[in-house]
Amino acid sequence: MSTHDGNARRRTLPGAVEDIRLTYTSNEGWWYDQNSELDSWNVSADIWDLEAEERVSHVGSFHFVRIDPYEMHDVFDLLDGFDGDLGVVASAIIDPATNDYRDELDNFAEPGAGSATLILNTAVLEPEWRGFGLGVTLAGRAIKRLGVGCRAAVCFPAPLDGSKGQQRSRAINAIGAAWQRLGFEHFRDGTYVLDLGTITLGENLDALTKKAEQLPQPRTSL
């Protein structure tokens with residue numbers, strides 16, 4: 001999972017958080033076969049003029065995929081073939097010998113909460129929106145919506161700026177710490193897991209939402 005978001009600074013938001021709307025899209029052909037095509041979702045966060053029902057500006061975008069190894073034949077190959085970071089996630093949570101979840105995942109996510117897993121692949125905020133911590137909050141809202149019927153959400157924190165060496169390591173650690181505010185825990189090989197079978201996400205998301213509402217806002221919303 002790749003993300004762009006910065007450290008919190010006391011400056012005024014580019015727009016009022018109450019004017020942000022999340023739009024969910026998923027393109028699927030009538031021939032869709034879950035064994036040959038991933039269940040892929042794009043989420044766009046935008047400032048809207050709610051009275052005119054018009055999008056004013058773009059805040060950020062998120063990409064998710066949903067998998068269920070109990071209903072998919074080659075989930076490991078599908079993830080690895082779709083995106084390199086998803087291949088890392090596949091190696092961490094899926095046993096290629098069985099095409100099933102690794103046994104140790106049960107220690108991080110309740111198996112009875114559902115058989116599917118929601119993977120956050122990318123999270124990108126527009127430059128003017130970075131540094132407020134909103135990327136994690138917005139992603140959390142999307143996870144709550146798309147994670148229905150899933151036992152866990154998984155991400156692989158990685159920067160998109162092409163950094164290498166110690167700079168990349170520091171960025172990965174910072175991004176991982178940001179996702180821990182939602183309740184993600186490090187699982188293995190750089191992947192993080194959030195148990196969706198508990199109230200952890202809801203509680204953390206409520207706290208993050210209150211913090212977002214307390215950020216310096218423009219004087220008036222649209």
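A 4.5 Å side-chain heavy-atom check between Phe132 and Leu125 finds every atom pair outside the cut-off. Put simply, the side chain of Leu120 does not reach to within 4.5 Å of the side chain of Leu118, judged on heavy atoms. Residues Leu205 and Thr137 meet the side-chain proximity criterion, which asks for heavy atoms closer than 4.5 Å. Between Tyr192 and Phe108 there is no side-chain heavy-atom pair separated by less than 4.5 Å. Considering only heavy atoms from C-beta on, Ile93 comes within 4.5 Å of Ile67 through its side chain. In this structure, Asp189 and Phe156 have side chains that are not in contact, with every pair of non-hydrogen atoms separated by 4.5 Å or more. Side-chain contact between Val43 and Arg141 is absent, with no heavy-atom pair separated by less than 4.5 Å. Side-chain contact between Asn121 and Leu86: present, with at least one pair of heavy atoms (C-beta onward) separated by less than 4.5 Å.
Ring orientation note: the planes of His63 and Phe82 are close to parallel, at an angle under 30° on the 30°/60° scale.
Closest approach of Leu22 to Ala142, counting heavy atoms only: CD1-N, 4.3 Å. Shortest non-hydrogen contact noted between Trp179 and Ala123 is CZ2-CB, 4.2 Å. Contact between Ala16 and Ile47 at its shortest, heavy atoms only, is O-CD1, 3.6 Å. Considering all non-hydrogen atoms of both residues, Ala109 and Ala152 come closest at CB-CB, 3.6 Å. Between Leu196 and Gly147, the shortest heavy-atom distance links the atoms CD1-O, 3.8 Å. Here the closest heavy-atom approach between residue Ala212 and residue Leu134 is recorded as CB-CD2, 3.6 Å.
By the salt bridge (Lys or Arg N to Asp or Glu O under 4.0 Å) test, Glu53 pairs with Arg21, sequence neighbours left out. Legend: residues meeting salt bridge (Lys or Arg N to Asp or Glu O under 4.0 Å) with Arg55, ordered by chain and number and at least two apart, are Asp46. The side chain to side chain contact (heavy atoms under 4.5 Å, CB included) search around Asp39 returns Ser26, Tyr32, Trp41, Arg66, not counting sequence neighbours. The side-chain hydrogen bond (donor to acceptor under 3.5 Å, both in side chains) test applied to Thr198 returns Thr200, not counting sequence neighbours.
Among residues at least two apart or in separate chains, salt bridge (charged side-chain N to carboxylate O under 4.0 Å, His left out) pairs with a member in residues 94-105 are Glu104-Arg188. For residues 143-154, the pairs satisfying side chain to side chain donor-acceptor pair (under 3.5 Å) are Asp106-Arg151, with sequence neighbours left out.
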**OP:** Could you check Trp129 against Leu138 for side-chain contact (heavy atoms from CB on, under 4.5 Å), going step by step and ending with a plain yes or no?
**Re:** CA-CA 12 Å; Trp129 284 92; Leu138 293 171; over 6 Å; no

**OP:** Check the pair Leu146 / Tyr24 against side-chain contact (heavy atoms from CB on, under 4.5 Å), numbers first and verdict last.
**Re:** CA-CA 9 Å; Leu146 296 175; Tyr24 299 78; 3.9 Å; yes

**OP:** Tell me, with the steps shown, if Leu13 and Gln217 meet side-chain contact (heavy atoms from CB on, under 4.5 Å).
**Re:** CA-CA 5 Å; Leu13 287 165; Gln217 309 274 334; 3.3 Å; yes

**OP:** Begin with the C-alpha distance, continue with both residues' side-chain angles, and end with the deciding distance and a verdict on side-chain contact (heavy atoms from CB on, under 4.5 Å) for Glu185 and Asp195.
**Re:** CA-CA 9 Å; Glu185 297 180 88; Asp195 188 349; 6.0 Å; no

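Annotation: His73, atom NE2; neighbour count of heavy atoms from other residues, nucleotides and ligands within 6.0 Å does not exceed 12. Atom CD of Glu28 has more than 12 heavy atoms from other residues, nucleotides or ligands within 6.0 Å.
Note that CD1 of Ile143 and CZ of Phe184 are 4.0 Å apart. Values are rounded to the nearest 0.5 Å. Summarising the geometry, atom CD belonging to Gln180 is positioned 11.5 Å from atom CG belonging to Leu194; distances are rounded to the nearest 0.5 Å. To the nearest 0.5 Å, atoms CG (Asn27) and CG (Asn42) are separated by 7.5 Å. The CZ atom of Phe64 lies 11.0 Å from the CD1 atom of Ile119; values are rounded to the nearest 0.5 Å. Interatomic distance, CD1 of Ile94 versus CG of Asp80, reported as 12.0 Å (0.5 Å rounding). To the nearest 0.5 Å, the span separating CD on Glu128 from OG on Ser57 amounts to 7.0 Å.
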